[in-house]
Every structure is written in structure tokens, then in C-alpha cells.
Asker: 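Mind looking over this structure? Questions follow.
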Amino acid sequence: MIEIDLSAGAHTEGVERRLREWAAGDAVARLWRRDPTLWSADPDTPELADRLGWLDLPETSPAGLGPLEELRAGVPFWFTDLVLLGMGGSSLAPEVIARTMPGEGLPLTLVDTTHPGALRDLEWLRPANTIFVVSSKSGTTVETLSLFRHFWSRTGEVVEDPGAHFIAITDPGSPLAELGRERGFRAVFEAPTDVGGRFSALSPFGLAPAALAGADVAALLAEAAEAADSCQDEARHNPGLLLGAALGELALAGRDKVTFLAASDWEAFPDWAEQLLAESTGKEGRGIVPVVAEPPRPPDEYGEDRIFVGLLLDGDAAREAEQWGEADETPGVLDALEAAGHPTLRIRLERPEELGALFFVWEVGVAMAGAALGIHPFNQPDVQLAKRLARRAMAGEGAPAGNSVDADEIDLVWELPQFGHAPPRTPVAPDVDGMRERLEDFLSAVASTDYIAVQAFLAGGEEEEGLLGMLRAALAAATGATTTLGHGPRFLHSTGQLHKGGTDNGVFLQLVDDAGEHLHVPETEFTFRQLIRAQALGDLEALGQCERRALRVRVGGPEGLGLRRLIQLVEESA
């Protein structure tokens with residue numbers, strides 16, 4: 001069973017006081033009887049009482065394992081790959097399950113990008129030997145449907161019955177459910193309507209792809225059921241309650257950046273927790289900032305705005321030290337951070353299937369952290385703004401009037417065509433001195449208690465990922481601030497709510513490129529290049545309307561030339 005050890009230091013009394021208040025207010029019983037007044041005085045608040053079905057999933061989901069097993073057993077031997085098409089809550093959990101609990105099923109590839117360069121990198125896929133899982137709660141997610149149309153077209157070119165290669169996971173009666181039945185999908189799985197996307201790990205959204213990948217989802221649910229029992233206990237015996245009190249109280253005290261340090265066995269989990277934290281708590285001017293895969297620093301270089309969460313195998317201090325570059329005989333990283341005065345939360349696990357318990361405990365913890373912060377954890381009111389502005393850009397309407405960030409843009413390789421439908425400009429060599437001055441002005445306004453969110457609307461790849469890590473390290477050295485990294489458009493369904501609705505301590509560095517040649521989206525009148533450009537512009541405009549500090553940098557060139565120049569400029573500004 002999961003063990004949680006909290007060392008809150010000077011904040012211990014605040015956490016204990018919160019637990020006492022919850023006990024006096026019967027918070028646990030109110031949670032389990034779905035009492036919306038835990039979060040809002042108005043019991044009829046939309047997306048509140050009708051979004052608590054996740055509490056039932058450890059008990060109800062095992063009934064759906066039979067059809068999943070039949071599906072897995074019925075997959076013909078010539079299928080060799082499994083591709084998941086989805087965004088955010090529809091895709092993150094199965095990716096984590098497949099990486100944490102690898103089985104003997106089909107290897108899972110997650111496709112959650114609209115960058116045409118990334119799609120061209122997937123030309124190795126053989127559609128005739130691939131099952132595609134199309135996952136969308138609403139059934140209308142533009143990225144997911146565009147990806148479906150792309151791979152449906154590719155599959156239809158090589159097989160007579162493309163429907164046999166597709167599975168849908170969605171809400172009952174959604175357009176995707178109807179599409180799956182019309183086109184003869186191999187299966188259509190319908191998920192509970194009272195479970196939001198980021199709380200759907202233990203629903204068909206998480207379980208169906210994981211089962212096809214060979215994960216032991218029955219064991220996963222058994223661990224989740226045990227965790228659900230423990231989360232009905234009171235006070236310190238309730239891991240979800242303890243986690244929620246710690247996250248909430250530390251955020252209220254200014255420790256609003258939850259930095260994950262994960263042993264290699266659990267390194268996939270923070271990607272899922274990132275969305276759960278950011279999208280659930282980042283609203284009404286409050287929020288908790290998840291920090292994932294940040295280049296490490298010495299303990300005394302972190303500010304007083306952090307809490308560190310360690311995901312550890314029980315008794316695995318040696319592996320923890322090895323991961324973080326410490327010799328075996330030196331103190332563990334978390335011990336050193338605690339000694340330096342930082343609150344630490346150690347979560348010890350023994351077996352991979354305890355991931356099911358980890359999912360559930362964090363869902364309870366984040367829901368209760370929302371209660372401590374006084375916010376509604378189950379909605380995402382600021383997500384639609386970027387989507388609406390992206391649709392405007394796609395329609396050729398350009399930037400809305402009064403945009404506060406339209407001048408904040410620099411080019412690091414060549415002048416490139418503007419977003420939207422403007423004609424290309426004449427290429428000219430970049431003004432390095434001007435860019436350096438612009439960047440220095442931007443970074444000089446960053447406080448050490450801010451976080452810099454790098455938003456990469458780029459193709460991805462191992463080399464690019466390494467350069468982005470170097471960029472984060474350079475930004476941290478130049479400003480002392482926390483850094484996060486999101487890949488567009490994936491992060492729009494993950495941390496995008498926090499960026500616009502959370503505390504105004506975020507600074508946003510949007511990275512874009514020319515997105516290469518046009519790649520048409522079948523059955524539509526647009527291309528993936530137009531789509532990702534519109535999504536980047538829409539998000540930049542949304543940040544501007546929310547009066548956030550943002551800078552767009554256009555990069556490109558061979559071997560990451562633009563990113564390398566940006567790293568150099570940041571280092572020179574330190």
C-alpha cells in the first residue's frame with residue numbers, strides 16, 4: 001500500500017489545522033456523498049455535483065473488464081502496433097499505464113500533436129498492421145478528429161475495411177460514437193458522463209488502450225479499490241486527505257510549485273499529475289504549478305516557493321541517488337532538500353500495479369486541495385478562450401483588436417510567413433543585437449518567484465528535447481525562476497487552464513517554426529500547418545487578453561539552429 005511521508009517544516013501546523021477543520025466539518029463523508037458545498041456555496045454550480053463519478057470507478061470499472069479482454073483476445077495476429085489519438089485527459093493515463101506496467105500486448109504510440117513534421121516522422125507506421133484508438137470525451141476535439149481523418153485516409157489506401165482498424169472511446173451519444181458506428185469501427189467504448197477527462201484514468205479512457213497494450217488492468221483496479229477504502233478514513237490515516245491538505249496549505253503559504261522527483265520506475269506519472277494539478281487548481285487567480293522533469297539545481301538555489309514530491313520505490317534510496325547524479329554514499333536528494341528547509345512529500349510504492357492507487361489518491365488529494373484553495377476543481381473555464389481565438393485565426397480573421405502582445409515576437413533564423421493568410425515576407429538575416437536586447441528586457445521582468453513556461457509548438461524529437469532541457473537550465477540560471485515545458489497543442493489540454501486562470505506569476509515563452517510543407521487534413525479545407533499555427537496564435541492572443549507576460553520566438557533551421565541561438569542569447573543575458 002502507498003505510504004506518504006510529509007515533512008512540512010514551518011508549515012506543519014497549517015496542515016494539521018486544515019486536517020482538524022476537515023474532521024470537524026465531516027469533509028470525508030461529505031466527499032463520498034458527493035456534497036458540492038465542499039467547493040461552492042451554490043449546490044447547483046455546473047460541472048460540480050455531476051463530475052464526481054470518478055469516486056465510483058474502482059468499484060464499477062471491473063465490470064467492464066470482460067469486454068476489454070474479449071477485445072484483446074480477438075485482435076488478429078497480424079496487428080503489430082497500437083496508436084492512441086487523443087489529447088490531455090483522453091491520452092495521458094494510458095500512456096502512463098503502458099510505460100509503468102509494460103505487458104505482452106501491442107506497443108503503444110501516443111500521437112497528440114498537430115505539427116506536420118511530427119506526423120511525417122510517423123511514416124514508418126504500417127496502417128495495415130495498426131489499431132488506432134480515437135479517444136475524445138466530447139467527440140468533437142479538433143486535434144483528435146484531424147488525426148483520425150489523417151490516419152483513416154492512410155489506412156483506407158492499403159486495406160478494404162479501414163473500420164476494423166479503429167476503436168473509439170467517448171461519451172455516450174457523442175459525434176465520435178456516431179462516427180464509429182457509421183464507419184464500422186472494431187469497437188466503440190462509452191465512458192461514464194459524470195467523470196471529467198482528467199479524472200478518467202480508471203475509466204475506459206485509461207483502461208481500454210492499456211489493456212490492448214498488455215497491462216494488467218485488473219490488478220491496477222484492485223489497488224485502486226484498496227486506495228478508495230483508505231481514502232474513506234479520517235485525518236492522517238487518509239492518504240488523499242493528507243495530500244490535499246499539504247498541497248492546499250502550502251500553496252496558500254506561497255509554496256505553490258510542486259516539483260516532482262521520480263525514480264525511474266515512476267518517471268511517467270508526473271506527466272499525468274501535471275494536468276490533474278494544473279487544470280483542476282489553476283483558476284480564479286489561484287493555482288498550483290506542477291514542475292516536471294526540471295533540470296536539477298543545488299538545494300540552496302531553490303526559492304521558498306517550492307514543495308518537492310518524491311515518487312520512490314520503498315527502500316530505493318540508492319536508485320534515487322543514482323538518477324540525480326549523486327554518489328551512493330551521499331545523502332539522498334530529498335534528504336538534502338529537507339535539510340535545506342524545503343517541504344518534502346515522499347510517496348513510497350512497492351509494485352507497478354500500485355499505479356492504480358496512486359491515480360486515485362492524487363484525484364482525492366487534488367479535489368481536496370481545491371476545497372482548501374476555495375476553487376472549483378472540476379471545470380476549466382479559461383480553456384475555451386484559446387480555442388475560440390484559434391478558430392478565428394483559422395477563419396482568416398487574424399488577431400483580435402487590442403491585442404496586448406502582438407509586438408512581442410522575435411525571429412532567430414529567418415523572417416518567415418506571418419500566421420494566418422498573409423503573404424510571405426522577403427527573407428532577411430536576423431538582427432541578433434536587437435533580439436538580444438528584446439530578450440534581456442523580457443527576462444529582466446521575471447521574478448525569482450515566477451515560473452517560465454516554455455511552450456513548444458515544434459515537431460519534437462530526441463535532439464529537440466535535449467535542447468529544450470538546455471534552454472530551461474539557461475532560463476533558470478538567468479532568472480532564478482522555476483521552468484516548465486509544454487508541447488503544443490498538447491499543453492493546451494493540460495496546463496493551458498493554469499496559464500490563463502491561475503496566479504499571475506507565469507511568464508510565457510512561445511516557440512514556433514514554419515511547420516514545413518502543408519499536409520492536408522482529409523475531409524476538411526485546412527492543413528495541419530494552418531491548424532498548429534492557428535492554435536499557437538490563438539493561445540498567444542488568449543494570454544494577451546488575460547494580461548499575461550508573453551514572448552513569441554520563431555525558431556528553425558538545420559540541427560536545431562534557432563534553439564541553439566536562443567540558448568546562447570539567454571546565457572549571454574544571465
Asker: Given D539, which of K500, R552, Q510, H499 fulfils the side chain to side chain donor-acceptor pair (under 3.5 Å) condition?
Answerer: K500
Asker: Ignoring hydrogens and geometry, is there a side-chain-to-backbone donor-acceptor pair from R99 to D265 under 3.5 Å?
Answerer: no
Asker: Taking the basic N atoms (NZ, or NE/NH1/NH2) and the acidic carboxylate oxygens, is any pair closer than 4.0 Å for R198 and E363?
Answerer: no
Asker: ring-ring contact (aromatic ring centres under 6.0 Å, His included): which pairs involve residues 186-224, sequence neighbours left out?
Answerer: W54-F199, F199-F378
Asker: Please confirm whether the backbone N or O of S174 pairs with a side-chain atom of D171, one donor and one acceptor, at under 3.5 Å?
Answerer: no
Asker: If you measure only the distance, is there a donor-acceptor pair under 3.5 Å linking the side chains of E143 and H493?
Answerer: yes
Asker: Between F508 and Y451, what is the ring plane arrangement, given parallel below 30°, perpendicular above 60°, and tilted in between?
Answerer: perpendicular
Asker: Would you give the length of the straight line joining atom CG of D271 to atom OG of S91, rounded to the nearest 0.5 angstrom?
Answerer: 10.5 Å
Asker: Any carboxylate oxygen within less than 4.0 angstrom of a Lys/Arg side-chain nitrogen, looking at D504 and R548?
Answerer: yes
Asker: CD of E523: more than 12 outside heavy atoms within 6.0 angstrom?
Answerer: yes
Asker: In chain order, what residues pass the side-chain contact (heavy atoms from CB on, under 4.5 Å) check against T45, with sequence neighbours excluded?
Answerer: S40, D42, L48, H376
Asker: Could you name each residue pair satisfying ring-ring contact (aromatic ring centres under 6.0 Å, His included) that touches residues 155-182, not counting sequence neighbours?
Answerer: F79-H165, F132-F166, F148-F166, W152-F166, F166-F185
Asker: Between F528 and T113, is there a side-chain heavy-atom distance shorter than 4.5 Å?
Answerer: no
Asker: Does the Q535 side chain pair with the main chain of P489, one donor and one acceptor, at a distance under 3.5 Å?
Answerer: no
Asker: In terms of heavy-atom contacts, does CZ of R183 have more than 12 from other residues, nucleotides or ligands at under 6.0 Å?
Answerer: yes
